[in-house]
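Okay, structure first, notes after.
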Amino acid sequence: MPVYDYACGCGTRFEMMVPSWSSPDPDCPACGAATARRPPSPAMHGRAAPPPSMASAPQSWEGVGDGDRDTITHWRRTVEARREFESRHPEHREQRDAIAAHEGRFERRPLTYRELAARAATGGDATRAAAEASRDRRTGGTAEPT
């Protein structure tokens with residue numbers, strides 16, 4: 001069985017073995033939405049390799065060695081290399097929406113500021129919109145504004 005790469009609109013990317021190339025695309029394991037087959041990851045041999053993903057970059061002060069200059073410089077160059085790689089190869093671009101909440105009910109599917117703003121646009125209250133998003137995650141509702 002061949003292994004194919006898939007991507008979902010929610011930002012989830014995964015690989016899956018399917019019976020044949022003509023098999024229908026599987027649903028997203030994170031949100032259950034339809035997915036699309038994407039080009040395979042680049043296979044580079046020798047010394048060349050794609051830069052690490054943005055998700056691997058440190059997210060805290062401790063992650064950059066408590067402000068160690070060499071560590072910060074390394075990660076700045078790594079992030080710039082990834083941006084350049086993604087500009088040349090848009091099919092490998094990662095979704096990088098700003099996250100408003102990522103713990104508790106939002107652990108598997110984070111609440112982005114884009115979703116929060118869309119929900120708050122109708123009522124004008126971000127707190128109520130976040131509570132509504134939490135309630136939808138708890139009940140398994142998929143009523144998300146576009």
Side-chain angles (χ1 to χ4, degrees), residues 1-122 126-127 129-134 136-138 140-146:
M1 283 202 268
V3 176
Y4 291 105
D5 293 338
Y6 293 95
C8 178
C10 72
T12 302
R13 292 182 175 192
F14 61 98
E15 293 179 345
M16 183 170 278
M17 292 176 104
V18 293
S20 73
W21 65 271
S22 61
S23 298
D25 295 338
D27 291 337
C28 176
C31 69
T35 59
R37 191 173 295 165
R38 57 185 287 267
S41 299
M44 298 181 187
H45 303 286
R47 297 183 65 123
S53 70
M54 294 290 213
S56 66
Q59 303 294 317
S60 68
W61 181 254
E62 292 83 16
V64 291
D66 292 328
D68 177 55
R69 263 192 191 158
D70 293 335
T71 304
I72 292 171
T73 302
H74 163 75
W75 280 107
R76 184 176 293 140
R77 288 179 180 155
T78 301
V79 167
E80 285 302 316
R82 182 64 191 201
R83 286 185 183 145
E84 182 182 332
F85 173 76
E86 289 179 358
S87 71
R88 287 180 292 149
H89 304 283
E91 67 274 13
H92 295 287
R93 187 169 292 139
E94 297 174 336
Q95 179 180 358
R96 289 189 298 269
D97 287 339
I99 303 296
H102 62 87
E103 296 176 336
R105 291 200 173 93
F106 301 108
E107 183 177 357
R108 297 200 62 161
R109 201 175 77 198
L111 177 65
T112 63
Y113 280 108
R114 181 177 299 180
E115 179 187 349
L116 183 60
R119 287 177 179 272
T122 57
T127 304
E132 177 186 307
S134 176
D136 284 350
R137 300 290 202 285
R138 182 182 69 234
T142 57
E144 290 183 35
T146 57

Discussion item. Looking at every heavy atom in both V79 and A57, which two are closest together, and how far apart are they?
Written reply: CG2-CB, 4.3 Å
Worksheet, complete the sentence: Rounded to the nearest 0.5 angstrom, the CD-OG distance for E86 and S53 is 9.0 Å
Worksheet item: Which pair of heavy atoms, one from R82 and one from P51, lies closest together, and at what distance?
Response: NH1-O, 2.9 Å
Practice prompt. Look at the side chain of S87 and the backbone N and O of E84, then say whether any donor-acceptor pair between them is shorter than 3.5 Å.
Written response: yes
Discussion item. Around atom CZ of R93, are there more than 12 heavy atoms from other residues, nucleotides or ligands closer than 6.0 Å?
Written reply: yes
Fill in: Check: R38 side chain, D5 main-chain N or O, donor-acceptor pair, under 3.5 Å
no
Practice prompt. State, with a plain yes or no, whether a side-chain heavy atom of Y4 is found less than 4.5 Å away from one of S23.
Written response: no
Response to the item:
side-chain contact (heavy atoms from CB on, under 4.5 Å) test vs Y6 passes for just one of V18, T12, D27, namely V18
Worksheet item: What is the ring orientation for F85 with H89, classed by angle as parallel under 30°, tilted 30 to 60°, or perpendicular over 60°?
Response: tilted
Worksheet item: Quick check: are there more than 12 heavy atoms from other residues, nucleotides or ligands sitting under 6.0 Å from CZ of R69?
Response: no
Worksheet item: Looking at side-chain heavy atoms only, is the closest gap between E132 and T122 below 4.5 Å?
Response: no
Worksheet item: When rounded to the nearest 0.5 angstrom, what distance separates CG in L111 from CD in E103?
Response: 12.5 Å
Worksheet item: What heavy-atom pair brings F14 and P29 nearest, and what distance separates the two atoms?
Response: CE2-CD, 3.4 Å
Worksheet entry | Closest heavy-atom pair and its distance - C28, T35 | N-CG2, 3.5 Å
Item to complete: Can you see which heavy atom on Y113 is nearest to which on I99, and at what distance?
Response: CE1-O, 3.3 Å
Practice prompt. For the pair E80 and R83, find out whether any cationic side-chain nitrogen is under 4.0 Å from an anionic carboxylate oxygen.
Written response: yes
Worksheet item: Quick one: CD on E115 to CG on D136, what's the gap to the nearest 0.5 Å?
Response: 8.0 Å
Worksheet item: So, does R137 use its side chain to make a donor-acceptor pair with the main chain of R109 at under 3.5 Å?
Response: yes
Worksheet item: So, for C8 and C31, which heavy atoms are closest and what is the spacing to 0.1 Å?
Response: SG-SG, 3.6 Å
